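What follows is one structure encoded as C-alpha cells, with my remarks underneath.
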Amino acid sequence: MIRLESIQRRYASDEVETTALADINLAVAEGEFLAIMGPSGCGKSTLLNILGTVDRPSAGRYMFGDRDLAALAEAELAQLRGRTLGFVFQSFNLIDELTIQENVALGLAYRKGAQGDKRQRIEQAMDRVGISHRARHYPHQLSGGQQQRAAIARAIVGDPSLILADEPTGNLDTENGQQVMDILTSLNGEGATIIMVTHSPSHADMAKRRIDMLDGRIVSSVARAI
Amino acid sequence: MNRFALVTFYRSLVRHKLYAALNIGGLAVGIAVFIVLGLYVRFETSYETFLPHHQQVYLIKNRWKLVGVPTTDYDGTMGGLLEELHQDFPETVGTRLKSYQISVLRNGVATSEQAALVDPSFLDVLEVPVAAGDARAALRDPSAVLLSEKIARKYFPGGNAIGKRMTFSINGTARDYRVAAILKDVPRNTELDWNIVTKLVPNQLGGPGWYHWGSGTLNTYLKFATPADAAAYARRLPSFIDRRGAHDMLGHPSQSLSFPLVPIRDVHLSRPGSKLTVTTLGLVGLLTLLIAIINYVNLATARSGLRAREVAIRKVLGGSRSALVRHFLGEAVATAAMAAVIGLALAELVLPIVNASGDLSLSIDYATTIPPLILLALIVGVGAGLYPALLLSRFPAAAVLASARTPGGGRTGARLREGLVMIQFALAISFLIGTAVLFAQTVHVRSADLGFQRDGMMIVKSFGSTDLSEPQRVSLLAAYRASPSIVSATIADTAPGDGSYTNATQMFRPGQEQKDGPNISTISIGKDWFETYDARLAAGRFLDTAHRQDDLGTSGTNPANVVINRAALPLLGFASPQAALGQTVIETGQNNEKLPRIIVGVIDNIRFYAPREKLPGMMFRYSTKPFDYTVAVVRYRGGEDAAMRALRENWRQIAPQVPFEATTATRNLAVYYKPDDRAARLFAIGAGLAVAIGCVGLWGLASFNTQRRVKEVGIRKTLGASSTDIVKLLVGQFLRPVVIANVVAWPLAFVAMRTWLAGFDDRVALSPLYFVGATLVSLLIAVGTVIAQSLRAARAAPAWALRHE
C-alpha cells in the first residue's frame with residue numbers, strides 16, 4: 001500500500017543543518033498495524049508527518065499505492081489527506097469552538113463530491129467509539145479519554161484507508177489508554193491500515209509489526225507472532 | 001465559507017469578546033467617520049445637481065488680470081453682456097439673474113426678502129422645478145411674480161397663493177405684483193437660494209454701469225448641448241472682448257479681462273479654499289478608515305498564532321491552502337459587514353451633532369448609501385483580511401503540531417506590526433498637527449489686528465437700500481450722531497464684511513503709461529470716517545471738512561486730496577509713507593478720463609474682507625455728495641442691545657417704509673470665517689476619532705503582547721530585573737514606532753499645512769511648536785495607552801509568571 005524509498009528529511013537554519021530522517025526504506029501492506037518506537041528525537045513523528053503528507057521529504061520517493069506523491073501539488077495532497085487518511089494526535093487537537101458532533105463532522109468538511117448520508121456516518125463514527133452521549137458537549141467539558149475517542153471518531157468518519165496515530169495514549173491514564181488501543185485494534189480487525197507512534201512497549205505489542213528507530217534510521221523491524 | 005467556518009467564527013467572537021469589540025468597534029468607528037465625511041464631500045460636490053440638465057449650464061465669470069492685484073474671478077458680469085453676446089453670436093442660449101434685496105410691504109410693515117430678477121429665458125436655462133402655475137408666462141409679465149413654496153407658506157399660510165397680490169419695493173419704487181406661479185423649494189446644496197422671482201427690467205436698474213465693460217452687475221448663464229460646444233464658444237470670446245470692450249478699456253481688453261465658462265455644478269467649489277477644504281476632509285475620512293483597517297491587520301496577525309493549531313488540524317483534515325484563505329477572508333468580510341452595520345448606525349447617531357457643529361444639513365439616503373456600503377464592507381474585508389488570511393494559512397501543519405508553544409509570527413511579523421503602528425501614528429500625529437494649525441488660524445483671524453477697532457462697531461446695512469431717499473439718509477445720520485448711545489457715525493460705499501459693492505480703478509504716476517498703472521480699490525467715505533474706524537495714521541493727515549480740496553464734491557477743477565493705505569505704496573512706487581505725501585497720482589475715471597489726486601495721508605492697512613483675499617492697495621476719497629451705494633457705520637458706547645435699540649428707533653421714525661437691518665462688525669465679518677471654522681471643526685472630529693482608533697488598536701496589541709511575555713517577565717525578574725526595568729522594556733517596545741512615526745509625520749504635515757495656509761493672505765506662521773506639541777501629545781497618548789498593562793505585567797509574581805503558558 002505504502003512504500004518509502006530512501007526517504008531523507010533535513011532541516012536547515014542559519015548555521016545548523018539537522019538530519020531528522022536519514023535513508024528510510026519502509027513498506028506497509030494494506031491492513032497492517034505497524035507500531036513505531038524509539039527515543040525522543042529519533043524521528044518518529046517526522047516519519048509519521050511524511051507518511052501523513054503534512055511534511056515533504058528532502059529526498060527519496062513516497063509511493064502511495066501506485067502514485068508517487070512527490071509529483072502531487074499541495075492542493076492534491078490536501079485532497080488525498082481528506083479522502084484517504086485519518087489522524088489521531090497525542091494532544092487530541094479538537095477545535096474548542098465546535099461541539100463533539102461538529103468536530104467529528106469536520107472530518108468530512110473538506111471532501112469534495114457526494115458523501116452519502118453525512119449525518120448517518122457521523123452518528124456511526126460516534127457510536128463506534130462510544131461518544132454519542134456527549135455529542136453536544138464542547139471539548140473542554142470532556143475527559144482526556146473521551147476527547148481522544150472523539151478525535152478517533154473524526155479520524156474514521158470518512159472511512160480512511162490509512163489511520164496515523166501519533167502517541168494516541170500519551171496523555172491518557174492506563175484505563176483510557178487501553179480503551180483507545182482496543183478501538184484501534186478493532187478498527188484494524190475490520191481492515192483499516194494503522195501506523196502508530198508510541199512510547200509504550202505494551203501498546204506496541206498490540207500491533208502486528210513493530211519498527212524501532214534511532215537517530216533518524218530504522219534499526220529493526222519485527223513482526224509479532226500471531 | 002462553510003457552516004463550520006461560520007459557527008467557529010461566531011463562537012470565537014463570543015469567546016474572545018474584548019478582541020471582537022476592539023476589532024469590530026475600531027472598524028465601525030472608522031467606517032462611521034468615512035460615511036460622515038463622505039456625505040460632506042458628496043454634499044459639497046453636488047451643488048446645483050437638482051437642476052435637470054445641469055451639466056449643460058455654465059456661469060460666465062469675469063476674470064481680471066491687472067497690475068498690482070492677483071488674478072481674480074468674479075461671478076458678476078456687466079448687465080448688458082448677454083445682449084451683446086446675442087448680437088455677435090445669435091445662436092447663444094442664455095439668461096441673466098440679478099440677486100436683489102427687496103422690501104415686501106404688508107399692513108404698513110416692510111420685510112426684507114432675497115429676490116432674483118431674471119430674464120424670461122430663465123426657466124429654459126435653469127430648469128427650476130415648478131410646483132404650480134404657468135411659470136414661463138409669468139416671467140414674460142413684469143407685473144407677475146413667482147414665489148418659492150417656503151415663502152408662499154409664509155405670506156399665504158392658508159395656501160392658494162396663486163392669483164393673490166403682493167406689494168414690493170424694488171429700487172425705491174413700490175408696486176403691486178400678482179402671484180402667478182410657485183417654484184418648488186430648492187435643496188440646501190445650491191447657491192440659487194432666492195425666494196421671490198420676477199422679470200428683470202433693465203430700465204429699473206440700468207444706470208450708467210449697465211453697458212460698462214468692467215462692471216459686475218448680475219450673473220449671466222449660458223446653456224450648451226455638449227461640453228465641446230461650450231469649449232468652441234469659449235474660444236471665440238477673446239476676440240469678442242477685444243471687439244466690444246475697446247470703448248471702455250485701454251489697449252487689448254482681452255489681456256486683462258476674460259470670460260471663463262464655469263459649469264454650474266463647479267461654481268460652488270470655485271470659491272477660494274473650497275476645493276482644498278473638501279479634498280482635505282475627504283482625505284481625513286479615507287485615512288481614518290485606513291487606520292481602522294491597519295488596526296484589524298495588526299490585531300489579526302498578532303493573534304494569528306493562537307489559531308495555528310486550528311489551521312494545522314484543518315490542513316490535516318484535508319483543507320487546502322486556498323480553502324483556508326477563503327475561510328479567513330470570509331471571516332474578515334463578515335467582521336467588516338458587522339462593522340459596516342454598526343458604523344452606519346453610529347453615523348446616523350452622530351449626524352445631528354456634526355450638522356449642529358458644522359452648520360450643515362447632512363442626512364443618509366439609505367437607497368443610495370446601502371449599495372456602496374455593501375461594496376465598502378467587501379473591499380474593507382478583503383483589504384484588511386488578505387494579509388492575515390495568507391499568514392494564517394501559511395502555518396506549516398507539521399511544525400505547529402510538533403510544537404508545544406503557539407507560534408508568535410516571528411521577527412518578520414513583529415517588524416510588520418511595528419511598521420503598521422508607525423503608519424497609524426504618522427497619520428495620527430499629522431492629524432494632530434493639522435488640527436492645531438487649523439484652530440490656530442481660526443483663532444488668529446478672529447482676533448487679528450484688522451487695522452481698525454472692530455469691537456463697539458455697528459453696520460447699518462439697510463442704509464444702502466434703494467428705497468431710502470437722500471433726505472432720509474441725511475436725517476438718519478443726524479439722528480445717530482445726536483444719540484447718547486452713539487460715539488460717532490459715518491458712511492462709505494463699503495464696510496467690513498460687506499463684499500457686495502467694490503470699486504477699483506487703474507492709477508498711475510505722472511509720466512507713467514496709463515495702461516501700466518496698478519489697480520487700486522477706491523473707497524468713497526463721508527464725514528468722520530477715519531475717527532469712527534479709529535484708523536491709524538502712518539504719515540500725513542486724515543481727510544476732513546476743514547480742507548476744501550478734501551471734498552470731491554466741492555474741489556471743482558482742482559485736484560482732490562486723497563488718503564492711501566500702506567499696501568498702495570509699493571504699487572504706486574513709493575518707498576515709504578513720507579515719500580508719498582504731497583505726490584500726485586492719476587485716477588482713471590469711468591469714461592477713461594484722467595483725474596489727478598494729491599496724497600495727503602497714509603494709513604495702516606485696513607482689512608475689510610476675507611482673510612483669504614490679498615489685501616488690496618486702497619485709496620480713500622471724501623465726498624459730501626451722495627455715492628451710488630452707501631452703508632452707515634456707527635461706533636457705540638455701552639451695550640450692543642442699547643445701541644441697536646437706538647438705531648432701530650431712529651429708523652422707524654424716519655424711514656418706516658424700509659426694513660431695518662443692522663449688525664455688529666464682528667458678526668458681519670464672521671461670514672468670512674464660517675467655512676474655515678466648519679472645516680476646522682470637522683477636521684478635528686475626524687482627526688480625534690482617527691487618533692482614538694489608533695489608540696484602541698495600540699491597546700489591543702499591547703494587551704496581547706504583554707500576555708505573551710508574562711513568562712519572559714518572570715525570567716527577567718528572577719534574574720534581577722526590577723518592576724521599573726520591566727515597565728521600561730514593555731512601554732519602550734511601543735514607543736519606538738511612535739517616535740519613528742514623527743520622521744514621517746513632520747514633513748507630511750508641514751507640506752499639507754503650508755499648502756493650506758498659502759490660501760490665506762492673513763495667516764499664522766507655521767511654528768515648530770505645533771509639531772513639537774503634537775509629538776509630545778502622541779507620546780503621552782501612547783504611554784497612557786500601554787502603561788496600565790505594563791504595570792500589571794511588571795508586578796506579577798515571578799513564580800506565577802514562570803508557570804504561565
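Keep in mind that this is a model prediction, so the values were computed, not measured. A, B, ... follow the sequence lines: proteins, then strands. Residue 1 opens every chain.
Within 6.0 Å of atom CZ in R56(A), more than 12 heavy atoms from other residues, nucleotides or ligands are found, so the atom counts as buried in its surroundings. Within 6.0 Å of the CZ atom in R67(A), the count of heavy atoms belonging to other residues, nucleotides or ligands does not exceed 12. Counting heavy-atom neighbours within 6.0 Å of D127(A) CG, excluding the residue itself, gives a total above 12.
Heavy-atom distances place the side chain of I313(B), and not its backbone, under 4.5 Å from chain A. T84(A) does not touch chain B: none of its heavy atoms, backbone or side chain, sits under 4.5 Å away. Heavy-atom distances place the side chain of L324(B), and not its backbone, under 4.5 Å from chain A. Using a 4.5 Å cut-off between heavy atoms, Y11(A) does not touch chain B at all.
Between R11(B) and D96(A) there is no side-chain heavy-atom pair separated by less than 4.5 Å. Side-chain atoms of R314(B) and I95(A), non-hydrogen and from C-beta on, do get closer than 4.5 Å to each other.
In this structure, CG in L98(A) is found 7.5 Å from CD in E310(B), a value given to the nearest 0.5 Å. Taken to the nearest 0.5 Å, the CG atom of L77(A) stands 14.5 Å off from the CZ atom of R321(B).
Note: R81(A) leads E76(A), R154(A), R81(A), Q90(A) in heavy-atom pairs under 4.5 Å with chain B. Interface remark: of the candidates L80(A), N93(A), D166(A), D55(A), N93(A) forms the most heavy-atom pairs closer than 4.5 Å to chain B. When each of G107(A), S91(A), A105(A) is scored by its heavy-atom pairs under 4.5 Å with chain B, the top score falls to A105(A).
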